[in-house]
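The structure presented is a predicted model; accordingly, all values stated were derived computationally and were not measured. Quick note: residue numbers are just sequence positions, from 1.
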Amino acid sequence: RSLRYGKLENGQIVMVPPALIKRVKQHFVSLPCGVDAIFGHNGVIWLASRSRESDERDDTEQTRQVHEMEEKKLIHSKRRITAEERLAIAKVRNSIMILADSFSKISPESVMKVYNSHGDPKGMLTPPLQKA
């Protein structure tokens, strides 16, 4: 396996029905909220905090510097996730669960739409109180 598809660390797994995952061109996504997501066709979604150092080099340069990438992955796996990053991951997870509970297609765009429409991740999954 290549380094890109290595061990998944510093994140959370979310499982939804596979039929709800929208087929898109790119399933490895960096969401604008600072969360990296992998949308699997099998209904498994991996959410992780974005690594602080992003690699924007081409593949040939990356293959020449494998040792450097392994060190960066080791640093990323050992670093502590901040409370803000945990809240962002939790809010993305809750956004995905809201979409799954309503049987809506799950894509990066739909997740961000739900993410931006809610405030606190703690109250996202509780239904609003109805007046009797």
Side-chain angles (χ1 to χ4, degrees):
R1 289 178 67 94
S2 68
L3 290 174
R4 180 177 179 186
Y5 303 109
K7 187 176 177 182
L8 299 175
E9 297 173 326
N10 286 345
Q12 181 178 11
I13 195 165
V14 182
M15 298 184 77
V16 297
L20 296 180
I21 301 291
K22 184 178 179 182
R23 300 230 178 226
V24 292
K25 193 172 192 173
Q26 183 63 265
H27 285 269
F28 286 71
V29 180
S30 291
L31 299 173
C33 59
V35 175
D36 287 339
I38 302 172
F39 293 88
H41 291 292
N42 61 354
V44 178
I45 302 170
W46 177 256
L47 305 172
S49 64
R50 186 172 298 150
S51 62
R52 292 195 177 134
E53 296 180 22
S54 62
D55 283 329
E56 296 184 5
R57 296 172 285 176
D58 59 15
D59 289 338
T60 57
E61 188 177 347
Q62 285 182 357
T63 56
R64 283 184 267 141
Q65 299 180 2
V66 170
H67 183 65
E68 180 182 329
M69 288 180 66
E70 287 176 348
E71 287 178 359
K72 286 182 182 181
K73 285 192 176 272
L74 183 64
I75 291 169
H76 179 68
S77 68
K78 299 239 183 233
R79 78 174 180 90
R80 295 185 58 88
I81 300 174
T82 64
E84 293 82 24
E85 292 171 327
R86 288 181 192 273
L87 283 174
I89 291 171
K91 193 171 175 183
V92 171
R93 183 243 180 231
N94 289 348
S95 300
I96 292 169
M97 295 311 297
I98 287 171
L99 291 167
D101 289 344
S102 65
F103 297 103
S104 300
K105 286 286 187 184
I106 298 171
S107 67
E109 295 80 21
S110 63
V111 170
M112 287 311 298
K113 188 181 236 184
V114 174
Y115 182 93
N116 292 329
S117 67
H118 289 82
D120 184 35
K122 295 176 184 174
M124 286 176 75
L125 297 178
T126 56
L129 295 175
Q130 296 178 358
K131 295 180 182 179

Test side-chain contact (heavy atoms from CB on, under 4.5 Å) applied to S49 and Q12, E85, R86, the passing residue: E85
Do P32 and M112 come close enough that some side-chain heavy atom pair is under 4.5 Å? yes
Looking at P18 and N42, what are the two nearest heavy atoms and their distance? CG-O, 3.4 Å
Side chains of M124 and M97: closer than 4.5 Å at any heavy-atom pair? no
Hydrophobic clusters here meaning ILVMFWY residues chained together by side-chain heavy-atom distances under 4.5 Å, can you tell me if F28 and W46 are in one? yes
Nearest-0.5 Å distance that lies between atom CD1 in I38 and atom CD in Q26: 10.0 Å
Could you work out, with side-chain contact (heavy atoms from CB on, under 4.5 Å) as the rule, every residue matching L87, not counting sequence neighbours? P121
I need the minimum non-hydrogen distance between I21 and V16, along with the two atoms involved. CD1-CG2, 3.7 Å
Keeping to residues at least two apart or across chains, list the side-chain hydrogen bond (donor to acceptor under 3.5 Å, both in side chains) pairs with something in residues 93-105. S102-S104
Measuring only between side-chain heavy atoms, which start at C-beta, is L99 closer than 4.5 Å to L20? no
State which residues pass ring-ring contact (aromatic ring centres under 6.0 Å, His included) with H118; sequence neighbours excluded, sorted by chain then number. none
So how far is it from I45 CD1 to F39 CZ, rounded to the nearest 0.5 Å? 5.5 Å
Once side chain to side chain donor-acceptor pair (under 3.5 Å) is applied, do any residues pair with E109, and if so which ones, sequence neighbours excluded? S107
Any L47 side-chain heavy atom under 4.5 Å of I96 side chain: yes
Heavy-atom nearest pair, P108 first then V29, reads CG-CG2, 3.6 Å
Give the minimum heavy-atom separation between A88 and C33, together with the two atoms involved. CB-O, 4.1 Å
Rounded distance (nearest 0.5 Å) linking atom CD1 of I98 with atom NZ of K113: 14.0 Å
